[in-house]
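Heads up, the thing below is written out as structure tokens.
From a predicted model like this one, the values you see are computed outputs, not experimental measurements. Residue numbering restarts at 1 for every chain, and letters A, B, ... go by the order of the sequence lines. Scope of the values below: all heavy atoms of this structure, side chains included, with no hydrogens, waters or symmetry mates.
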2 protein chains.
Amino acid sequence: MNSFDAPQDAQASPSSSSTGVKLGELENILGFHLRLANVAVFQDYQVTMAGLSLTPKQFAVLELIETNPGASQIDLANCLRMDKASMMALVNKLEGRNAIERRQSENDRRRQELFVTEDGLALANTARNLRAAHEARFKDRFSEDEVAQLVSYLRRIYASTTTALLDDDGE
Amino acid sequence: MNSFDAPQDAQASPSSSSTGVKLGELENILGFHLRLANVAVFQDYQVTMAGLSLTPKQFAVLELIETNPGASQIDLANCLRMDKASMMALVNKLEGRNAIERRQSENDRRRQELFVTEDGLALANTARNLRAAHEARFKDRFSEDEVAQLVSYLRRIYASTTTALLDDDGE
DNA sequence: TATTGTTATACTCTATAACTATA
DNA sequence: TATAGTTATAGAGTATAACAATA
């Protein structure tokens, strides 16, 4: 199925990378392409968001708290597959710039419920506006259907990720 | 085009992630899905390659040197978009376990040409064998044409990455 | 003057472990 | 006994900057 549109953007097989280095077997490793794509997006993100001092993960946490007011740190850590201590550091940074605030839960006094502040909302809006250009820069290379298909492929890759914790490609 | 197969694996929109956290706008960010996919692949890689102590990047460098005997550190750094000092550290690790060796170039005595040793070849073979299962675990979720299409999509994302340096998703 | 490799250094992100306070 | 948060710490990976040797 869909064999009709598979090879149409083969783009001259990138056997070298500006220098004369051949990729060889690396060409066949899904994770290799995935990582390069990730790097490309991350670099563009950094250039675009320069000055905002908001990493992709911080941005994600900010959005998650906005979408889920009162969420706990552990909720977020699980969602983003991070350690709770790592999330602590991340939340501290956002709190340090008054983007979010902690409020002790009344039902369970162990929990700190997280909320986006006025400043945080402004930051999120600024970030979203900047990010729009960044996002468009990549999505413009695809039709709407292609984006949907790419995302569905990516979901197929991370779908089964049962539990686990942790970092990024790490490397 | 290809609208026919776009939504077919929608998989119940992952609005939550085991906890009740809704992803919200994050759903529409390409980099978010890319990163989760990257994390999933990396985690599986780590579990699969446990004990080998060979990170994906070290593995990539080993393969690159095998494919390009005599390549220099700067060649590899450019290819993988890393800093030359970072590549130095990486090469040191591989040399430290006798997987590769440096030989001063006779034409240009500034250059250190890199070669895979016997031990390195054995390591690469072991790694390739282990990795095969890891790779299959993900590729099995796609038809051959789908893999080709996914890779072509990913290439479209990192294609234009002109120069730049650096890390991974960083985050 | 530019390039390759090198070293030293600092920074960021992450995890682990131990602790507290609640439950 | 388990959970949420916290703190301190250590490790890995990376970049920056300065320097040596060579081109």
What is the distance, rounded to the nearest whole Å, between atom [atom1] of [X] and atom [atom2] of [N]?
X	N	atom1	atom2	answer
A:Leu76	D:dA4	CG	P	12 Å
B:Arg81	D:dG13	CZ	C1'	19 Å
B:Gln46	C:dT14	CD	P	14 Å

Strictly by ring-ring contact (aromatic ring centres under 6.0 Å, His included), give each pair with a member in residues 83-137 of chain B just once, sequence neighbours left out. B:Tyr45-B:His134, B:His134-B:Phe138
Is a salt bridge present between B:Glu66 and B:Arg128, judged by a nitrogen-to-oxygen distance below 4.0 Å? yes
If you measure from the Lys or Arg side-chain nitrogens to the Asp or Glu carboxylate oxygens, is any gap between B:Arg103 and B:Glu101 under 4.0 Å? yes
Would you indicate whether the side-chain heavy atoms of A:Leu123 and A:Leu52 approach each other to under 4.5 Å? yes
Counting only side-chain heavy atoms from C-beta out, which of [options] sits nearest to [X]?
X	options	answer
A:Thr55	C:dT4, C:dC13, D:dT6	C:dC13
B:Lys93	C:dA17, D:dG13, D:dG5	D:dG13
A:Met88	D:dG5, C:dT16, D:dT14	D:dG5
A:Ser72	D:dT6, D:dG5, C:dT14	D:dG5
B:Lys84	D:dA17, C:dT4, D:dA4	C:dT4

Residues in residues 101-111 of chain B with a heavy atom under 4.0 Å of DNA chain D, by number, are B:Asn107, B:Asp108, B:Arg109, B:Arg110
D:dA12 phosphate, OP1 or OP2: any side-chain N/O from B:Lys57 under 4.0 angstrom? no
N/O (side chain, A:Ser86) to phosphate O (OP1/OP2, C:dA15) under 4.0 Å: yes
For A:Met87 and B:Glu113, find the nucleotide of DNA chain C closest to each by heavy atoms; which residue's nucleotide sits nearer the 5' end? B:Glu113
If the plane angle is over 60° it's perpendicular, under 30° parallel, otherwise tilted; pick one for A:Phe142 and B:Tyr153. perpendicular
Checking side-chain hydrogen bond (donor to acceptor under 3.5 Å, both in side chains) against A:Gln73, which of A:Arg102, A:Arg111, A:Glu113 comes through? A:Arg102
